[in-house]
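Letters A, B, ... mirror the listed sequences (proteins, then strands); counts begin at 1.
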Amino acid sequence: MLNWFYIPLQGILNGLLTGALYALIGMGMALIFGVMRIVNFAHGAFLMMGMYATYVVFQATGVSPYYQFPLAGVLLFFVGYATYMGLLRPIRGQVDFMVILLTMGLALILTDAAQLVFGADYHQINIPLLSKNIHIGPQISINAPWLVSFGIAMVLACALYWVVTQTMFGRAARAIAQNPYAAPLMGINVNRVQAIAFGIGSAAAGISGALLLPVFYLFPEVGNQFKLKSFVMVVLGGMGSIQGAAIAGLVLGVVESLTSLYWGNEWALAVDFVLFILVLSLKPSGIFGSQRA
Amino acid sequence: MRKWQLLIAVIFLVAALFVPLLALTDYTLQILFRVFLFAALGLAWNLVGGYTGQLSLGHAAYFGVGAYGLALFSKLGISPWASVSLGVGLAVICAAMIGKVSFRLRGPYFALCTIAFAEVLRLVAKNLPNVTGGDVGIQVPQLFPHSTIRCFYWSGVLLTGFALALSAWIERSRFGYYLMAIREDQDTALSVGVNAARCKLWALLISAAITGLGGALYASMFLFIVPDQVLAMDISTEIAIVAMLGGAGTLIGPLVGSVVLESAAEIFKNIFKEAHLLIYGVLIVVVVLFMPEGIVGTISRKLAWFKKAPSAPFATAAPVTAEEESQRTAINQ
């Protein structure tokens, strides 16, 4: 009884739980895009690195990813910082063509390095929390790890929003996004701000990876689908708007969940892309963002 | 310089035609086929990505449509070569639709949009098992009944030759100059009356036709295709990398790029086994960082230093007559 109501509701709830993680991934991407106008094709590879780092620590110490996720964040912050300083800064000012290719190359290197080190096998971890379900009423149930990751992702998303809107770093970053030529004239160290922004964006991907580890499986190419989804989110949210990307992440989660519910799981990614193409062709400035495209 | 490039390429291709007469194993010929196939695909990509400067990362769409066109039309009972042309036609139609939408976007938006279209096609092919066979795959008819691998090799060389001739012609045609004008500055090109939308679309249609043909050849070589093989993003990136490595917007760049990349990939496949794709990544990063104009672009720029300098590098100022002088001062006052 009332199935017509509970089944979609469950679908929407599941979608929101996944969407929170998407939101974190998308916000990282949006921060990087906003400050640097760089489409980071290595974002998925960074997420994959975060997952493997968490996996290694988990195998060595047995500490649940929900406690040790900051490690992945710190690691990926430095990876992102180093990537910017070593690879992206030398080619700043080149056409975005080159940046896309460079990050694509980096993604290939990281993915294949992971394959070389860890092999192509699928890995999964098992923590006690995984078997816990929270029941709300007779029909609705929520898997506990998803709820935990939802909470952590939401807190981090709010923290990221706070950093970008309230701190001096955030103000500098937004100034660069607004006008990359005027910002240095105002005394902003563009290189440093961009490097930190790239680091924070990568850290967001790494932490999302750590949070995904218990509820997902791990293999070298795991990042690809999240990379593609983060493109969708960034476009949906309005290129470079991090709150837009966050909302887009939640929306994407719900859309995917409902698509899987009614059409089957295999269509979820296709629907993402159709949505993406529709937004790009009808309203390229994004649905949720205010910035121009 | 351009004449030399063309001459080298023609000699290389003519020499390549005689390679199968040497006693080579089928495996070697298969690799050489791949070299020429990707040279042709790179040359096709170069029309859009090189001359026009639109970074397409979705050429797998046309490649895959060409491949699946051959498979599906011949399943309906149409003869293989007719299916190839229908498949190519379908790839061109796809290109027209994709181009209509994506060429309205610029820079990274365009690149992302082409990826999205190719991915949608891949997912549709995956998820419609009744039509395309889905992940199980579909059989592709044999295009050459006799001495198969040699014929594939020759058709690869011919396709490269055709793509090269077409590029050489386009490069010197009015159309080619329009394309390059769009690459340099689309707004300025528009303002002097270049119909940018139409030019870009035509470049893409030509490119898609060659790519579709390449896809059909590739599919028929393997006799069996799955979506993750012919519609994968890996194909799109490999095509783009071949052209960029050799030099986007140069005539023989994609040919050089394909020879370098495919032979490097083959060598590293034997050394690194599963992780041979690593070399792609390293090559891309090295090219972007150290020779953004690609191999041919960088070499020809270096060689340009040793070209004969024009006879009067610095024009001497023409003496000003008293009459002109008075006119100038009159204007100034």
Asks: Select one option (side chain, backbone, both, neither) describing which atoms of A:Leu87 are under 4.5 Å from chain B's heavy atoms.
Replies: both

Asks: Quick check for you: among A:Leu108, A:Val39, A:Ile91, A:Ile277, which has the greatest number of heavy-atom pairs under 4.5 Å with chain B?
Replies: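 Heavy-atom pair counts peak at A:Ile277.
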
Asks: Sort B:Leu55 into side chain, backbone, both or neither according to what part of it lies under 4.5 angstrom from a heavy atom of chain A.
Replies: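 Looking at B:Leu55, backbone and side chain both touch chain A.
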
Asks: Any heavy-atom pair between the side chains of A:Gln194 and A:Val35 that's under 4.5 Å?
Replies: yes

Asks: Taking the ring centre of each residue, are A:Tyr81 and A:Phe198 less than 6.0 Å apart?
Replies: no

Asks: Find the one option among B:Val285, B:Val286, B:Leu283 whose heavy-atom pairs under 4.5 Å with chain A are most numerous.
Replies: B:Val285

Asks: Picking from B:Ile241, B:Leu123, B:Leu57, which has the most non-hydrogen pairs under 4.5 angstrom with chain A?
Replies: B:Leu123

Asks: Using heavy-atom distances under 4.5 Å, tell me whether A:Leu101 contacts chain B through its side chain, its backbone, both, or neither.
Replies: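 Contact with chain B: backbone and side chain both.
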
Asks: Flag yes if more than 12 heavy atoms outside A:Arg174 fall under 6.0 Å of its CZ atom; otherwise flag no.
Replies: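 Yes - once you tally the heavy atoms of other residues, nucleotides and ligands closer than 6.0 Å, there are more than 12.
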
Asks: Taking NZ, NE, NH1 and NH2 as the nitrogens, is one of them in B:Lys126 or A:Glu266 under 4.0 Å from a carboxylate oxygen of the other?
Replies: no

Asks: Identify which of B:Leu121, B:Leu105, B:Val101 forms the greatest number of heavy-atom pairs closer than 4.5 Å to chain A.
Replies: B:Leu105

Asks: Grab the two heavy atoms, one from A:His43 and one from A:Ile25, that are nearest each other, plus how far apart they are.
Replies: NE2-O, 3.0 Å

Asks: Side chain from CB out, backbone as N, CA, C, O: work out which of these in A:Ile100 comes under 4.5 Å of a heavy atom of chain B, or both, or neither.
Replies: side chain

Asks: Using the side-chain hydrogen bond (donor to acceptor under 3.5 Å, both in side chains) rule, collect all pairs that involve residues 53-63 of chain B, keeping only residues at least two apart or in two chains.
Replies: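 Listed once each, the pairs are B:Ser56-B:His59, B:His59-B:Ser207.
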
Asks: Using non-hydrogen atoms and a 4.5 Å limit, figure out which bit of A:Val274 sits close to chain B: side chain, backbone, both or neither.
Replies: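 Answer is both: backbone and side chain atoms of A:Val274 are under 4.5 Å from chain B.
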
Asks: Please determine, among B:Glu119, B:Arg104, B:Lys100, the option with the most heavy-atom pairs under 4.5 Å with chain A.
Replies: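 Sorted descending by pairs with chain A, the first entry is B:Glu119.
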
Asks: Can you say whether B:Val124 sits under 4.5 Å from chain A via the side chain, the backbone, both, or neither, judging by heavy atoms?
Replies: both

Asks: So which residue, A:Leu106, A:Leu102, A:Val235, A:Ile38, ends up with the most heavy-atom pairs under 4.5 Å with chain B?
Replies: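 Counting heavy-atom pairs under 4.5 Å, the top option is A:Leu102.
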
Asks: Quick one: are the ring centres of A:Phe41 and A:Phe231 less than 6.0 Å apart?
Replies: yes

Asks: State which residues pass side-chain contact (heavy atoms from CB on, under 4.5 Å) with B:Val194; sequence neighbours excluded, sorted by chain then number.
Replies: B:Tyr178, B:Ile182, B:Ala189, B:Val192, B:Cys199

